[in-house]
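Everything numeric in this text was worked out from a predicted model, so none of it was measured. Computed from heavy atoms alone, side chains included, the values below leave out hydrogens, waters and symmetry copies. To find a chain, count down the sequence lines: A is the first, B the second, and so on, and within it residues start at 1.
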Amino acid sequence: MEKVYDQTKVEPKWYDIWEKAGYFQPEINPEGKPYTIILPPPNANAPLHFGHALYTVEDILIRYHRMKGEAALWLPGSDHAGFETQVVFEKHLEKTGKSRFDFDRETLYKMIWDFVQANKGTMEGQLRKLGFSVDWSREKFTLDPDIVKVVYKTFKKLFNDGLAYRGLRLVNYCTRHGTSFSDLEVIYEDRTTPLYYIKYGPLTLATVRLETKFGDTAVAVHPDDKRYQKYIGETLSIETVLGPAKIKVIADKAVDPNFGTGVIKVTPAHAPIDFEIGQRHNLEIRQVIGFDGRLNEKAGKFAGMRVKEARKAIAVEMQEKGLIEKMDENYKNRVGVCYKCGTEIEPLPLEQWFLKMDGLAKTAIEAVNGERSRTIKIVPKNWETTYFNWLENLKDWNISRQIVWGMQIPAWRCIKCSEVKSQKSKVKTTTKSSKLNNTIWIVTEGEKPEKCPDCGSAQLEQDPDVFDTWFSSGQWPFATLQSTKPEDFDKFYPTSVMETGYDILLFWVARMVMLGIYITGKIPFKDILLHGKVLDPLGKKMSKSKGNVVDPIEIANLYGADALRMALMYGNAFGHDQALSHPKLQAMRNFTNKLWNIGRFIIDFAPEDAKHLNPTAVILGRDPVSKYGVNSATTPESTNHTDSGLTTFARMTGKNEDDKQILEKLSQTIKTVTKALDSYRFHDGSDALYEFIWHEFADKYIESTKDRRAQAQPVLEYVFRTSLELLHPFMPFITEELWQKLPHEGKTIMVTKWPNNINT
RNA sequence: GGAGUUGUAGCUCAGUUGGUUAGAGCGCCUCAUUUACACUGAGGAGGUCACAGGUUCGAGUCCUGUCAACUCCACCA
């Protein structure tokens, strides 16, 4: 062995050996009880980012349970990441001077497909590099045909149950990207925006959105507002920039009498609250801003202008006409923006597919708060509050996206029937009429229907939209297990643990709980573990725009994957954010070198006649033959380290005090690490191992054996080998390398038995 | 507007149900000088546990309040 540990010579060689031997598959422990983790599928559009290195937590759990003899399945996959990927690809297109509008749907889809396949390969190689023992034979991609089939089936069931419906609502729309978003995807920014007090006949009202005034279909006040009682129900004649107009005054309790003058204009097509007021009062939805972000013909001479431009022009003109009473320049408000490009989100009326959430949310609440027989535990527990709070106030979920990259929604519209029905509900579009729209949609499990069941027409048109990515990934646990191997679902579902970042608790985890229970009747996982973010060395969030992203693979190349994994666990309470720390990485790299040199001492520097023994047998006092109570060739019974040897060792000849102590401390460490892993306190485990191996075993015990080396050899080997086994889930590569050099039974540390103590 | 997290050594962080002199890694100081390992070993300095009250025989830990940093949810017309 070389004097200094060189991870580049050790780490690359083991992964293939493990994989080819089938150790990553649960079948290696056919009798074991199932233990399942579904890998949160990384986006297939990019290499891994640093957060993915925290898959270490899952690998630790999987390796631990595998060593405990369980049928441990860690199922890998990747996510097509619909909108995210399309944005990445569009940027990529931009560099070549093209845009997505230069291609038809099929071509674009094919191009993104190829792009994703290439990245997927990179990403898979990176997971291997980090030592993650996922079962590649069961790998899935969210756009695999069998996954798509499952998702379509779910949608059809939702549709049949009345939980998926086509509705006209105000949706969050990015006019730059040309698609709508769910509420969760909108981010809000604080802005200072001028607030105009404008005159509507005898009334004055405050608004920032002058440009939507052409879509006003009422003026509203609070029903109890004494100032305006006499106007309620009246129709006012008002002067506008487009000439005289008439507008009705209504009363609605959604109006805050303390805002502005207590009077608001109601623009159902362009403001969520106004939309609701409009629904209650049966107001017309008059859209004046188009999906291109420009005012339409209803804005008269302002037609064609972008929203901001129009706002300015209108302000100037109103000022001239004396229609602006005053202006508050320092009004602070919050504006929703696209989380990708920062464009202001326009609330626009659009027919989309929505999921009715209240019932689904209720089951998801019950699954965590203990009202269902099988309860989900969230670790750290404080996230329960966030989870409940969101689910309790959930609005219906818009699952339609106007992009091509994703699963096209399996819904067809009969062109004939829709023409007839749209004439019936011509002017006003209300909730009632949008419900009516359900009837013109034919939903299937993916196959194109031959004809309309109502009129028999074969002129059917598929909804061009695709599902929100989270709708499909929300089905990932059962969708994967239903499409890998025939027995998998029955055996491995519900899964054991869902481990992911707290930032997608609502986006993803909560939706998996809802959809999982809805489809299977069972919770999708028993424990939810939420890890923190990995921040840059200065404690700032890593982001491409800040240019402070660190590539985990580079770090692994520099310090070793083992050191990286250990550094992420060591000294950091699970669930907390942590800054990437080079000193800590260095310390863990040093730790690998320490391990290596302990190995060198025990193996290369062993006295000739004490080599190649069976340490376990010696310690257990089961080998009566040799000089030290040792003969390697014959072991009376198979070694069994379910007994740490502690009590048995006490009966041994010699009974060296140091031997006894180190075995006792080893026994303690086994307990600590086992308990730590069972309770998801990973740093307790890594800290205990580091402390024991370095400061107890190496610094004290090994030093103490130097003048009685041969006698201590079995204990040295035994304690070291057991330590490696405990450490293996954390640092798989070096532990395997050293374990192989020590006397051992079995082929690999990966599937050796977890040290199991408990005899004191 | 609602909720959560964090504040402990110079830096980065542990400290689960309250219980001896508050710990680790890195850094710093002294010593060892080729030892299995210098990616080393032995020893050491360094803390008003954010602040103010309270509960308790006993509080870094529990309660109340204050300050500071960060995050999430709702969403303002």
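Here, C76(B) and U64(B) have their C1' atoms 33 Å apart, quoted to the whole Å. U48(B) and C67(B) have their P atoms separated by 24 Å, given to the nearest Å. A distance of about 14 Å separates the P atoms of G23(B) and G47(B), rounded to the whole Å. The same atom, P, is picked in G15(B) and in C28(B); the two are 27 Å apart, to the nearest Å. Of the P atoms belonging to A22(B) and U16(B), the separation is 15 Å, rounded to the nearest Å. Taking atom C1' on both nucleotides, G44(B) is separated from A9(B) by 14 Å, rounded to a whole Å. Taking atom C1' in both U20(B) and C29(B), one finds a spacing of 29 Å when rounded to whole Å. Going from the C1' atom of A69(B) to that of C51(B) covers 15 Å, rounded to whole Å.
Between His576(A) and A14(B) there is a side-chain polar atom (N or O) within less than 4.0 angstrom of OP1 or OP2. Between His582(A) and G25(B) there is no side-chain N or O to OP1 or OP2 distance below 4.0 Å. Contact annotation: Arg600(A) side-chain N/O to C37(B) OP1/OP2 distance is under 4.0 Å. The side chain of Lys706(A) contributes an N or O atom lying less than 4.0 Å from OP1 or OP2 of A36(B). Proximity of His695(A) to the phosphate of G25(B): a side-chain N or O atom is located under 4.0 Å from OP1 or OP2.
Across all strands shown, Ser581(A) has no heavy atoms under 4.0 Å from either base or sugar-phosphate atoms. Residue-level contact check: Gln578(A) touches neither bases nor backbone, having no heavy atom under 4.0 Å from any strand. Across all strands, Phe591(A) comes closer than 4.0 Å to no nucleic acid atom at all (heavy-atom distances). Nucleic acid contact for Tyr502(A): none, since no nucleic acid atom lies under 4.0 Å from a heavy atom of the residue.
The aromatic rings of Trp596(A) and Tyr5(A) are tilted relative to each other, their planes meeting at an angle between 30° and 60°. Ring planes of Phe471(A) and Trp397(A): perpendicular class, angle over 60° (limits at 30 and 60°). Between Tyr331(A) and Phe259(A), the two ring planes are perpendicular [angle over 60°; tilted spans 30° to 60°]. Note on ring orientation: taking the six-membered ring where Trp is involved, the planes of Tyr559(A) and His582(A) are tilted (angle from 30° to 60°).
Under the 3.5 Å distance criterion, with hydrogens and angles disregarded, no donor-acceptor pair is assigned to the side chains of Glu346(A) and His270(A). Inspection of the Tyr228(A) and His222(A) side chains reveals no N or O donor paired with an N or O acceptor under 3.5 Å.
Phe214(A) does not carry Lys298(A) over the face of its six-membered ring by the limits of under 6.0 Å from the centre and within 45° of the normal.
Between Lys584(A) atom NZ and A24(B) atom C1' the separation is 10 Å, expressed in whole Å. Per the geometry, CG belonging to Leu505(A) stands 13 Å off C1' belonging to A3(B), to the nearest Å. In this structure, the CG atom of Asn572(A) is 16 Å from the P atom of U5(B), given to the nearest Å. A straight line from CD of Glu703(A) to C1' of C37(B) spans 10 Å, rounded to a whole angstrom. Whole-Å rounding puts the Lys594(A) NZ to C39(B) P distance at 12 Å. Between Tyr690(A) atom OH and G23(B) atom P the separation is 18 Å, expressed in whole Å.
Residue Met588(A) is the one, among Ile598(A) and Met588(A), whose nearest nucleotide of RNA chain B lies closer to the 5' end (criterion: closest heavy atom).
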Nucleotide by nucleotide, nucleotides 72-77 of chain B touches protein heavy atoms under 4.0 Å in the pattern (B base, S sugar-phosphate only, - none) -SBBBB
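Looking at Lys706(A) and Glu703(A), a side-chain N of the basic residue comes within less than 4.0 Å of a carboxylate O on the acidic one, giving a salt bridge. Between Arg209(A) and Glu211(A), at least one side-chain N (NZ, or NE/NH1/NH2) sits under 4.0 Å from a carboxylate O, which counts as a salt bridge.
Secondary-structure stems of RNA chain B, taken as three or more successive Watson-Crick or G-U wobble pairs (i with j, i+1 with j-1) under a 3.5 Å distance threshold, comprise B:1-7 with B:67-73, B:10-13 with B:23-26, B:28-32 with B:40-44, B:50-54 with B:62-66.
For the pair Lys584(A) and Tyr570(A), the tightest heavy-atom approach, listed with the atom from each and the gap, is NZ-O, 2.7 Å.
Ring to ring, Tyr680(A) and Phe574(A) are not that close: their centroids are 6.0 angstrom or more apart.
If you check C39(B), G25(B), A36(B) against the side chain of Phe601(A), the one that comes closest is A36(B).
For A14(B), the base has no donor-acceptor partner in the side chain of Glu691(A) [N/O atoms by modelled type, under 3.5 angstrom].
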